[in-house]
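Okay, so here's the structure we're looking at.
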Amino acid sequence: QVQLVESGGGLVQAGGSLRLSCAASGRTFNGYCMGWFRQAPGKEREFVAAIAWSSTIYADSVKGRFTISRDYPDNTVYLQMNSLKPEDTAVYYCAARWGGLSADGEYDYWGRGTQVTVSS
């Protein structure tokens with residue numbers, strides 16, 4: 001039973017910070033690329049960040065503000081979000097796929113999402 005569970009979302013004022021967590025279970029994801037995506041109401045899902053071993057990639061909209069990291073023994077992925085803006089408001093999803101870095105959305109496993117709301 002493979003499962004990804006996100007946590008850490010909530011309400012924060014513009015300029016504030018949040019740290020999202022993704023706990024994976026059912027198997028070891030050491031050989032997988034782990035990614036974060038987000039979807040705002042009325043908009044398409046968009047790529048945020050991904051990590052595979054020591055390599056990372058970020059969407060231009062979050063570069064310099066967000067940091068993705070990974071704890072291999074705990075099978076957990078994190079997204080540290082700083083200097084948050086109202087346009088960051090969305091449901092954030094954790095995802096996993098076998099192989100190297102990918103931002104194309106073709107992932108094998110998805111979590112149910114956690115809501116992030118940034119107010120002015």
Side-chain angles (χ1 to χ4, degrees):
Q1 187 179 34
V2 174
Q3 190 173 22
L4 304 178
V5 180
E6 303 95 336
S7 62
L11 175 65
V12 65
Q13 292 185 336
S17 299
L18 284 174
R19 187 195 191 206
L20 305 183
S21 299
C22 172
S25 61
R27 67 166 298 151
T28 299
F29 285 86
N30 290 4
Y32 284 70
C33 172
M34 306 298 296
W36 287 96
F37 295 77
R38 67 187 183 185
Q39 187 169 25
K43 298 181 65 177
E44 296 292 321
R45 181 187 65 197
E46 66 174 343
F47 169 78
V48 176
I51 184 169
W53 298 111
S54 62
S55 299
T56 59
I57 52 173
Y58 296 91
D60 289 341
S61 60
V62 306
K63 195 174 300 180
R65 300 188 297 120
F66 291 11
T67 302
I68 188 170
S69 61
R70 190 169 182 171
D71 186 325
Y72 284 96
D74 288 344
N75 236 15
T76 303
V77 184
Y78 304 96
L79 185 68
Q80 178 66 46
M81 305 186 294
N82 298 328
S83 301
L84 283 162
K85 306 173 181 179
E87 50 263 46
D88 294 319
T89 296
V91 176
Y92 283 71
Y93 298 92
C94 177
R97 64 172 287 164
W98 185 88
L101 289 172
S102 177
D104 63 10
E106 295 297 326
Y107 281 63
D108 299 310
Y109 305 103
W110 293 84
R112 295 177 180 178
T114 185
Q115 177 70 49
V116 172
T117 302
V118 185
S119 63
S120 299

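All values below were derived from every heavy atom in this structure, side-chain atoms included, with hydrogens, water molecules and symmetry-related copies excluded.
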For this session: Could you tell me whether Lys85 and Asp88 have a side-chain N and a carboxylate O separated by less than 4.0 Å?
Result: no
Working to the nearest 0.5 angstrom, can you tell me the gap between [X] [atom1] and [Y] [atom2]?
| X | Y | atom1 | atom2 | value |
| --- | --- | --- | --- | --- |
| Thr89 | Gln115 | OG1 | CD | 7.5 Å |
| Thr56 | Phe66 | OG1 | CZ | 14.5 Å |
| Tyr78 | Ser7 | OH | OG | 9.0 Å |
| Leu18 | Gln80 | CG | CD | 8.5 Å |
| Cys22 | Arg70 | SG | CZ | 10.0 Å |

For this session: For a side chain to side chain contact (heavy atoms under 4.5 Å, CB included) with Thr117, tell me which candidate from Val12, Val91, Leu11 qualifies.
Result: Leu11
Any side-chain heavy atom of [X] within less than 4.5 Å of one from [Y]?
| X | Y | result |
| --- | --- | --- |
| Arg97 | Asp104 | yes |
| Leu84 | Gln13 | no |
| Cys94 | Trp36 | yes |
| Val2 | Asp108 | no |

Quick one: does [X]'s side chain have a donor or acceptor within less than 3.5 Å of a partner on [Y]'s backbone?
| X | Y | answer |
| --- | --- | --- |
| Glu6 | Arg112 | yes |
| Thr114 | Tyr92 | no |
| Tyr58 | Ile68 | yes |

Exercise. Which class fits the ring pair Phe37 and Phe47: parallel under 30°, tilted 30 to 60°, perpendicular over 60°?
Worked result: perpendicular
Exercise. What class does the angle between the rings of Tyr109 and Tyr32 fall in, given that below 30° is parallel, 30 to 60° is tilted and above 60° is perpendicular?
Worked result: tilted
At their closest point, which heavy atom of [X] faces which heavy atom of [Y], and how far apart are they?
| X | Y | answer |
| --- | --- | --- |
| Ala23 | Thr76 | CA-OG1, 4.4 Å |
| Ala96 | Met34 | CB-SD, 3.4 Å |
| Tyr107 | Ala50 | OH-CB, 3.7 Å |
| Ser69 | Val77 | O-CG1, 3.3 Å |
| Ser17 | Asn82 | OG-OD1, 2.9 Å |
| Ala52 | Gly99 | CB-O, 4.3 Å |

In this structure, would [X] and [Y] fall into the same cluster of hydrophobic residues linked by side-chain contacts under 4.5 Å?
| X | Y | answer |
| --- | --- | --- |
| Val48 | Val118 | yes |
| Phe29 | Tyr72 | no |
| Trp110 | Leu101 | yes |

Problem set entry | Arg38 vs Glu46, salt bridge (charged side-chain N to carboxylate O under 4.0 Å, His left out): CA-CA, chis, key distance, verdict | CA-CA 6 Å; Arg38 67 187 183 185; Glu46 66 174 343; 2.7 Å; yes
Problem set entry | Neighbour count >12 (heavy atoms, 6.0 Å) for atom CD, Glu87 | yes
